[in-house]
Amino acid sequence: MESYLLIPARLADAKRLAGMSQELVEAGLRPSWGALRIAWHIRDPESVVLTARVRSVAEGFAIMRYADDTAHLNLLAVNPAQRRRGIGRALIGWLEETARTAGTFAISLELRAGNMGARAFYAALGYRETTEVPGYYQGLESAVRMTRDLRTPQTTPGAPQAAP
Ligand SMILES: CC(C)(COP(=O)(O)OP(=O)(O)OC[C@H]1O[C@@H](n2cnc3c(N)ncnc32)[C@H](O)[C@@H]1OP(=O)(O)O)[C@@H](O)C(=O)NCCC(=O)NCCS
């Protein structure tokens, strides 16, 4: 497996990331994450658009927007050929670390209720499901809201607990 690097997106990446979003996240929906919207986040000082690059090509990316004490994960996708090698976890880990440094402690996100793979992914990273929002995606599909409090350590089942 070739190594990957985590690098903030450049404006020139916007078109590729929009294509990935339409194919991997918004399949079957009217695309809402076009290149202009992604370019807006690349320029926005409150957002981080982070890419995971293999041989300089963006194979994964995530967009997070930071507010005072909360942050919202807008998008996350990894190309199928590069999945299950820790890229998604590394992207989220980098963005969570940035949030901690900025004093942000709660991260929220929505995802398609039928996306069981991603629900399992976020659960593995310590996110918990809070509510389901019917029709959130263009009236066609419900969303599940998930959150993580960064002050709570990420627990691995069976892992020894830290002493109080
Ligand atoms: C969700 C997604 C980003 C995960 O990316 P990834 O790079 O494959 O994830 P990782 O390799 O970092 O996985 C970390 C852990 O999450 C869990 N996990 C990841 N994908 C999973 C799946 N499909 N089913 C069950 N658990 C999964 C596993 O515990 C995994 O650890 P392991 O491989 O050691 O078992 C990727 O599947 C994807 O792009 N999906 C389509 C787009 C999407 O759903 N985006 C999220 C909603 S916006």
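We count ligands from 1, going down the list as the structure has it; atoms in each ligand are counted the same way. Positions are given from 1, in the same order as the sequence printed here.
- Of the protein's heavy atoms, Ala124 CB, 3.5 Å lies nearest to atom 29 (O) of ligand 1.
- Panel note: side chain Arg43, backbone Ile38; no donor-acceptor pair is recorded below 3.5 Å.
- Between Arg89 and ligand 1, a contact under 3.5 Å exists for at least one N or O pair.
- Below 3.5 Å of separation, one finds an N or O of Arg84 facing an N or O of ligand 1.
- The side chain to side chain donor-acceptor pair (under 3.5 Å) search around Arg151 returns Asp149, not counting sequence neighbours.
- The line from CD1 of Ile92 to CG of Leu73 is 4.5 Å long, rounded to the nearest 0.5 Å.
- Taking distance alone, with nitrogen or oxygen atoms compared against 3.5 Å, Tyr122 stays at or beyond that limit from ligand 1.
- Contacts with ligand 1 closer than 4.0 Å are made by no heavy atom of Met116, backbone or side chain.
- From the protein, the heavy atom lying nearest to atom 13 (O) of ligand 1 is Phe121 CD1, 3.7 Å.
- For atom 42 (C) of ligand 1, the closest non-hydrogen atom of the protein is Leu24 O, 3.4 Å.
- Arg10 contributes no side-chain N or O that, together with a main-chain N or O of Ala14, makes up a donor-acceptor pair within less than 3.5 Å.
- Annotation for ligand 1: atoms under 4.0 Å from non-hydrogen atoms of Ala118 are 44 (O), 46 (C).
- Of the candidates Gly86, Gly88, Pro80, Gly86 brings a heavy atom nearest to atom 11 (O) of ligand 1.
- The protein atom (non-hydrogen) at minimum distance from atom 23 (N) of ligand 1 is Gly117 CA, 3.6 Å.
- With atom 39 (O) of ligand 1 as the reference point, the heavy atom nearest to it among Asn74, Val78, Leu73 is part of Val78.
- Between Leu76 and ligand 1, at least one pair of N/O atoms sits closer than 3.5 Å.
- Remark: ligand 1 atoms within the under-4.0 Å shell around heavy atoms of Ala120 are 25 (C), 26 (N).
- A salt bridge between Glu46 and Arg65 is absent, with no side-chain N of the basic residue lying under 4.0 Å from a carboxylate O of the acidic one.
- Closer than 4.0 Å to atom 36 (C) of ligand 1 lies at least one heavy atom of the protein.
- The protein heavy-atom contact nearest to atom 41 (C) of ligand 1 is Arg83 NH2, 3.3 Å.
- Every atom of ligand 1 is numbered from 1 in the order shown, and the set under 4.0 Å from a heavy atom of Asn115 is 43 (C), 44 (O).
- Between the Asn115 side chain and the Ala118 main chain, a donor and an acceptor come within less than 3.5 Å of each other.
- Ion pairing of Glu59 with Arg53 is absent here, as no side-chain N (NZ or NE/NH1/NH2) approaches a carboxylate O to less than 4.0 Å.
- Distances between N or O atoms of Ala77 and those of ligand 1 include no value under 3.5 Å.
- For residues 121-138, the pairs satisfying salt bridge (Lys or Arg N to Asp or Glu O under 4.0 Å) are Arg119-Glu129, with sequence neighbours left out.
- Looking at Glu141, its side chain never comes within 3.5 Å of a backbone N or O of Gly135 through a donor-acceptor pair.
- Contact annotation: the side chain of Ser56 never approaches that of Leu5 to less than 4.5 Å [non-hydrogen atoms, C-beta and beyond].
- The line from CG of Asn79 to CD1 of Ile87 is 9.0 Å long, rounded to the nearest 0.5 Å.
- Protein non-hydrogen atoms do reach within 4.0 Å of atom 9 (O) of ligand 1.
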